[in-house]
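Some notes on the structure that comes next.
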Amino acid sequence: MKTPKRYLITAALPYANGLKHIGHLAGAYLPADIYVRYLKAQKREVVFVCGSDEHGTAIPIQATKEGTTAQAIIDKYHPIIEQNFKDLGIAFDIYHRTSDPLHHETASEFFKDLESNGDLETKTTQQYFDTQANSFLADRYIKGTCPSCGYSEAYGDQCEKCGKSLSPEELINPLSTLSGNAPIKKETTHWYLPLNRHEDFLRKWLLEEHTSDWRPAVIGQCKSWIDGGLQARAVTRDLDWGVKVPVTGGDGKVLYVWFDAPIGYISATKQWAINNNKDWNPYWNDPETKLVHFIGKDNIVFHCIIFPVMLKLHGNILPENVPANEFMNLEGDKMSTSRGWSIEMDDYINKWIKKENGGESLADCLRFYLNSISPESKDSEFTWKGFQDAVNGELVSIFANYVNRTWVLMHKLCKGKVPKIHTEFLDDDDNALLLSVKETKEKITALLEQYKFRDAQFEVVNLARLGNQYMQKKEPWILAKNIETNPTAQAKIDNCIHGCLQLTANLAILINPFLPFTAKKMCHLMKVVDKMLEWENAGNFNLLKMGYSLRPPELLFRKIEDEEIAAELAELKANAEAKKTKMENTTNAAEGAAAKNENGITPLKPEIVFDDFGKIDLRVGTIIEAKKVEKADKLLALIVDLGFEKRTILSGIAMHFNPEDIIGKQVTIVANLAPRKMRGIESQGMILMAEDAQGKLYFVSPSEAIASGSTIA
RNA sequence: GGCGAGGUAGCUCAGUUGGUUAGAGCACAGGAUUCAUAACCCUGAGGUCACGAGUUCAAAUCUCGUUCUCGCUACCA
């Protein structure tokens with residue numbers, strides 16, 4: 001494969017509404033950083049961009065909740081996240097932010113370009129609107145009861161208790177978070193990106209050109225989307241936090257966060273170019289640039305379908321690969337900050353990466369374990385015991401111990417200097433060791449180029465293992481015992497230690513992308529400059545000059561103690577328990593009425609006049625047939641007798657009633673509601689249901705049986 | 001309900017186009033050793049490859065069905 005002229009590597013923009021956990025780190029940032037460090041060691045031209053995603057609706061909502069401003073929130077989290085990455089050795093060339101004017105300008109230009117080329121279309125739809133606040137409500141501005149778990153504080157896009165993704169329409173008793181009132185529906189016009197126009201392009205690009213070199217899960221997900229029928233997606237929203245829609249009719253609207261965020265990669269590149277006096281253009285426009293997006297699997301659609309379409313329309317290059325990782329679970333459960341079941345990067349840093357605790361080496365310990373269980377092909381699981389085992393059993397015992405025993409022996413038997421080679425005593429073992437180093441380097445290189453970071457790291461440790469075996473076979477400490485009687489002993493010792501030292505130098509180069517702090521410390525031990533870490537040096541056994549004196553031994557890592565692990569586990573459980581109690585209180589408080597505002601009562605809808613009510617034609621009907629709608633979990637298809645006619649009515653009650661149990665029931669029907677097709681069947685009316693605090697449904701029926709078709713007023 | 005990805009030793013994972021007794025690391029057991037952070041080195045034990053059927057001389061691998069996990073997605077007028 002031809003080496004690209006330059007690389008542009010991106011890692012998903014973290015959302016600046018809170019701290020990020022180690023699942024995020026393992027998903028995108030760590031693999032990206034390893035790849036970038038490798039490329040840089042190869043002296044390739046590469047720019048690594050990232051930044052805070054600071055728009056979207058969640059941030060202003062959080063601001064309201066915390067009694068502060070959106071700006072204050074992002075100004076709080078942006079620097080913390082940036083510093084967290086630094087502390088963990090994630091070395092972006094630039095960590096930008098989407099609230100920056102340069103980004104606003106870039107995103108605006110992007111939108112205008114697409115708009116003026118006719119690549120967008122507009123549509124008018126009904127959206128929830130808060131009359132009191134005089135504002136349209138984005139999904140996250142609507143709260144209500146989650147239809148699947150009953151949590152009363154679920155948002156219009158997702159329930160934070162059960163994690164189910166929702167749409168505002170699904171919420172039971174939707175309420176505006178601005179005023180606490182029930183929202184109404186109102187017309188609004190938005191710009192859409194018609195993905196459907198680009199199906200042929202996507203099919204060819206993804207399903208023909210990249211089926212074999214992209215990860216199966218990524219291609220599978222894309223295929224699923226394309227086959228499911230591509231829809232136009234709204235690119236604007238009614239909101240005042242974000243990049244203003246820069247064309248006529250855009251007042252009060254901003255670019256939808258998913259449209260503006262990936263453009264953040266471009267504006268970050270521009271800012272990097274300004275800072276470094278470079279030209280950003282080739283990075284996004286020259287086909288000889290290799291663009292790679294590192295993301296988690298939740299981001300696949302945006303980076304493989306939507307953003308590429310945007311890039312194509314805008315005339316930019318397309319990603320060469322999108323090596324999305326699966327998810328990392330924690331101690332048997334999904335990671336979730338809101339549920340308290342996670343390890344925040346910030347917490348880990350404050351607890352573990354303290355000077356008295358081991359400092360930077362503890363950052364590398366985390367990197368080591370996370371990468372060793374990197375969810376490259378399926379979800380994986382972080383356990384504190386696993387962390388301890390990986391660090392103590394492999395990193396310390398195999399890798400660091402190899403370096404340490406080499407250093408100790410070198411000081412004891414070779415006066416602390418790199419010993420001479422005595423070629424007449426070199427044997428097959430010495431040759432085999434050098435050969436192994438060369439082979440391992442090739443293996444690791446190939447694995448890194450294929451984004452197999454877990455396997456690549458394993459190979460480095462394995463090389464240290466070979467070093468231990470080599471030393472074990474040579475037994476220089478035995479030779480040292482008869483140094484007086486055996487004239488060749490010192491020469492053999494010299495050869496062994498020389499080999500071990502050269503191997504250490506190679507290990508430093510090869511471990512560098514994974515454990516940069518450790519590589520640096522090894523350079524310090526060897527008294528060499530960072531330049532030695534360049535990839536081309538790996539595979540050579542002349543990296544340390546004979547006669548050169550090296551520093552005294554120094555441990556690279558400390559062991560992780562059982563008590564530390566026990567403490568972490570206890571804290572994790574306590575944390576989750578606290579959050580759980582908090583949430584249950586919220587849910588319990590809602591019992592007695594479905595969803596309440598601060599006064600504890602479901603708020604009344606806005607007043608209507610009699611004429612409004614008069615428009616509704618309510619009738620008594622009798623269910624004469626009921627069966628489940630195929631391929632729908634919640635729908636029942638009912639035939640209802642209205643006396644003068646029989647109607648098919650669909651109702652979302654399949655989870656609450658067995659079809660055979662409700663035949664013969666008398667119910668209240670909205671008889672003049674416009675018909676609506678669901679799952680291919682037309683529903684000719686609506687059945688009224690009462691709901692109690694537990695979410696249980698009841699039919700609204702006349703107290704005694706009366707004639708079907710009777711009117712209700 | 002549809003689609004996608006997965007289910008291989010106690011744990012974390014490999015298994016290329018179907019081909020001898022299914023591999024690695026950790027953990028475990030035994031041995032050897034002492035230069036080293038009770039570290040290293042050697043040896044060993046361990047699996048009906050989720051389950052069932054089919055194709056084949058031959059299946060972890062291909063086909064069909066079932067089941068479990070994760071993700072995306074549809075349905076509550």
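Quick note: numbers below take in every heavy atom, side chains included, and nothing from hydrogens, waters or symmetry partners. All chains are named by letter (A, B, ...) in the order of the sequence lines, taking the proteins before the strands, and each is independently numbered beginning at 1.
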Separation between the [atom1] atoms of [N] and [M], rounded to whole Å:
N: B:G15; M: B:G6; atom1: C1'; value: 15 Å
N: B:U43; M: B:G4; atom1: P; value: 45 Å
N: B:C26; M: B:U16; atom1: C1'; value: 25 Å
N: B:U8; M: B:G65; atom1: P; value: 22 Å
N: B:A53; M: B:C11; atom1: C1'; value: 32 Å
N: B:G30; M: B:C72; atom1: P; value: 48 Å
N: B:G46; M: B:A22; atom1: P; value: 13 Å
N: B:U69; M: B:U17; atom1: C1'; value: 30 Å

So what does [X] touch, heavy atoms closer than 4.0 Å: a base, only the sugar-phosphate, or nothing?
X: A:Phe458; result: sugar-phosphate
X: A:Gly685; result: sugar-phosphate
X: A:Ile649; result: nothing
X: A:Lys481; result: sugar-phosphate
X: A:Trp407; result: nothing
X: A:Ala400; result: base
X: A:Glu394; result: sugar-phosphate

With sequence neighbours excluded, residues passing side-chain contact (heavy atoms from CB on, under 4.5 Å) with [X]:
X: A:Asp298; answer: A:Phe327
X: A:Thr668; answer: A:Leu618, A:Leu688, A:Val700, A:Ile712
X: A:Tyr192; answer: A:Glu121, A:Lys123, A:Thr125, A:His190, A:Ala232, A:Ala234

**OP:** Could you go through the ring-ring contact (aromatic ring centres under 6.0 Å, His included) check for A:Tyr369 and A:Phe382 one step at a time?
**Re:** CA-CA 9 Å; A:Tyr369 178 53; A:Phe382 183 106; 5.0 Å; yes
**OP:** Not counting sequence neighbours, which residues clear side-chain hydrogen bond (donor to acceptor under 3.5 Å, both in side chains) with A:Lys385? List them please.
**Re:** A:Asp389
**OP:** Name all residues meeting the side-chain hydrogen bond (donor to acceptor under 3.5 Å, both in side chains) criterion together with A:Asn462; count only those two or more places apart in sequence or in a different chain, and write none if there are none.
**Re:**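 Result, side-chain hydrogen bond (donor to acceptor under 3.5 Å, both in side chains) vs A:Asn462: A:Arg465.
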Subject >> Side-chain ion pair, A:Asp379 and A:Lys334, N-O less than 4.0 Å >> reply: no
Subject >> Nucleotide of B:U37, B:G71, B:U33 approaching A:Leu555 most closely (side-chain heavy atoms) >> reply: B:U37
Original post:
From the list B:U34, B:A77, B:U37, which nucleotide is the closest neighbour of the side chain of A:Ser683?
Top reply: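 Given the options B:U34, B:A77, B:U37, the side chain of A:Ser683 is closest to B:A77.
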How close or far is atom [atom2] of [N] from atom [atom1] of [X], stated in whole angstroms?
X: A:Lys223; N: B:C3; atom1: NZ; atom2: C1'; answer: 9 Å
X: A:Glu554; N: B:A36; atom1: CD; atom2: P; answer: 17 Å
X: A:Trp225; N: B:U73; atom1: CH2; atom2: P; answer: 6 Å

For nucleotides 61-64 of chain B, which of its nitrogen or oxygen atoms have a protein nitrogen or oxygen under 3.5 Å away, and what is each distance?
none

Original post:
Do A:Asn325 and A:Arg215 meet the criterion of a side-chain donor-acceptor pair at a distance under 3.5 Å?
Top reply: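 Yes, side-chain donor-acceptor contact under 3.5 Å.
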Original post:
Does a side chain donor of either A:Gln388 or A:Asp562 reach within less than 3.5 Å of an acceptor in the other side chain?
Top reply: yes
Original post:
Looking at A:Lys412, does any N or O in its side chain come under 4.0 Å of the phosphate oxygens OP1/OP2 on B:A36?
Top reply: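 So the side chain of A:Lys412 is within the cut-off, an N or O lying under 4.0 Å from OP1 or OP2 of B:A36.
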Considering only nitrogen or oxygen atoms on both sides, find all protein atoms under 3.5 Å from nucleotides 38-47 of chain B and state each distance.
{"unit_1": "B:A39", "atom_1": "OP1", "unit_2": "A:Lys559", "atom_2": "NZ", "d": "3.3"}
{"unit_1": "B:A39", "atom_1": "O2'", "unit_2": "A:Ser397", "atom_2": "O", "d": "3.3"}
{"unit_1": "B:A39", "atom_1": "O2'", "unit_2": "A:Asn401", "atom_2": "ND2", "d": "2.8"}
{"unit_1": "B:C40", "atom_1": "O2'", "unit_2": "A:Arg405", "atom_2": "NH1", "d": "2.6"}
{"unit_1": "B:C40", "atom_1": "O2", "unit_2": "A:Gln472", "atom_2": "OE1", "d": "3.2"}
{"unit_1": "B:C42", "atom_1": "OP1", "unit_2": "A:Gln469", "atom_2": "NE2", "d": "3.4"}

Going by atom type alone, with no hydrogens or angles, which donor-acceptor pairs under 3.5 Å involve a side-chain atom of residues 491-500 of chain A and a protein atom two or more places apart or on another chain?
{"unit_1": "A:Asp494", "atom_1": "OD1", "unit_2": "A:Gln490", "atom_2": "NE2", "d": "2.8"}
{"unit_1": "A:Asp494", "atom_1": "OD2", "unit_2": "A:His422", "atom_2": "NE2", "d": "3.0"}
{"unit_1": "A:Asn495", "atom_1": "OD1", "unit_2": "A:His422", "atom_2": "N", "d": "2.8"}
{"unit_1": "A:Asn495", "atom_1": "ND2", "unit_2": "A:His422", "atom_2": "O", "d": "3.0"}
{"unit_1": "A:His498", "atom_1": "ND1", "unit_2": "A:Pro419", "atom_2": "O", "d": "2.9"}
{"unit_1": "A:His498", "atom_1": "NE2", "unit_2": "A:Gln502", "atom_2": "NE2", "d": "3.2"}

**OP:** Report yes or no: is the cationic atom of A:Arg551 (NZ for Lys, CZ for Arg) closer than 6.0 Å to the six-membered ring centre of A:Trp407, at no more than 45° off its axis?
**Re:** no
Subject >> Which residues share a salt bridge (Lys or Arg N to Asp or Glu O under 4.0 Å) with A:Glu381, sequence neighbours left out >> reply: none
**OP:** Check salt bridge (Lys or Arg N to Asp or Glu O under 4.0 Å) between A:Lys443 and all other residues, then give those that pass, not counting sequence neighbours.
**Re:**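 A:Lys443: salt bridge (Lys or Arg N to Asp or Glu O under 4.0 Å) contacts with A:Glu459.
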Subject >> Interatomic spacing from CD in A:Gln450 to CD in A:Glu376 - rounded to 0.5 Å >> reply: 11.0 Å
Original post:
Taking atom CH2 of A:Trp225 and atom CG of A:Leu202, what is their separation to the nearest 0.5 Å?
Top reply: 11.0 Å
**OP:** Report, as a single string ordered 5' to 3', how protein heavy atoms within less than 4.0 Å touch nucleotides 6-18 of chain B: B base, S sugar-phosphate only, - not at all.
**Re:** SS----SSS----
**OP:** Runs of at least three consecutive Watson-Crick or G-U pairs, both distances under 3.5 Å, are what I'm after; which ones involve RNA chain B?
**Re:** B:1-7 with B:67-73, B:10-13 with B:23-26, B:28-31 with B:41-44, B:50-54 with B:62-66
Original post:
On RNA chain B, nearest-nucleotide positions of A:Asp298 versus A:Arg558: which is more 5'?
Top reply: A:Arg558
Original post:
If you count the non-hydrogen atoms of other residues, nucleotides and ligands that lie under 6.0 Å from CG in A:Asp428, is the total more than 12?
Top reply: no
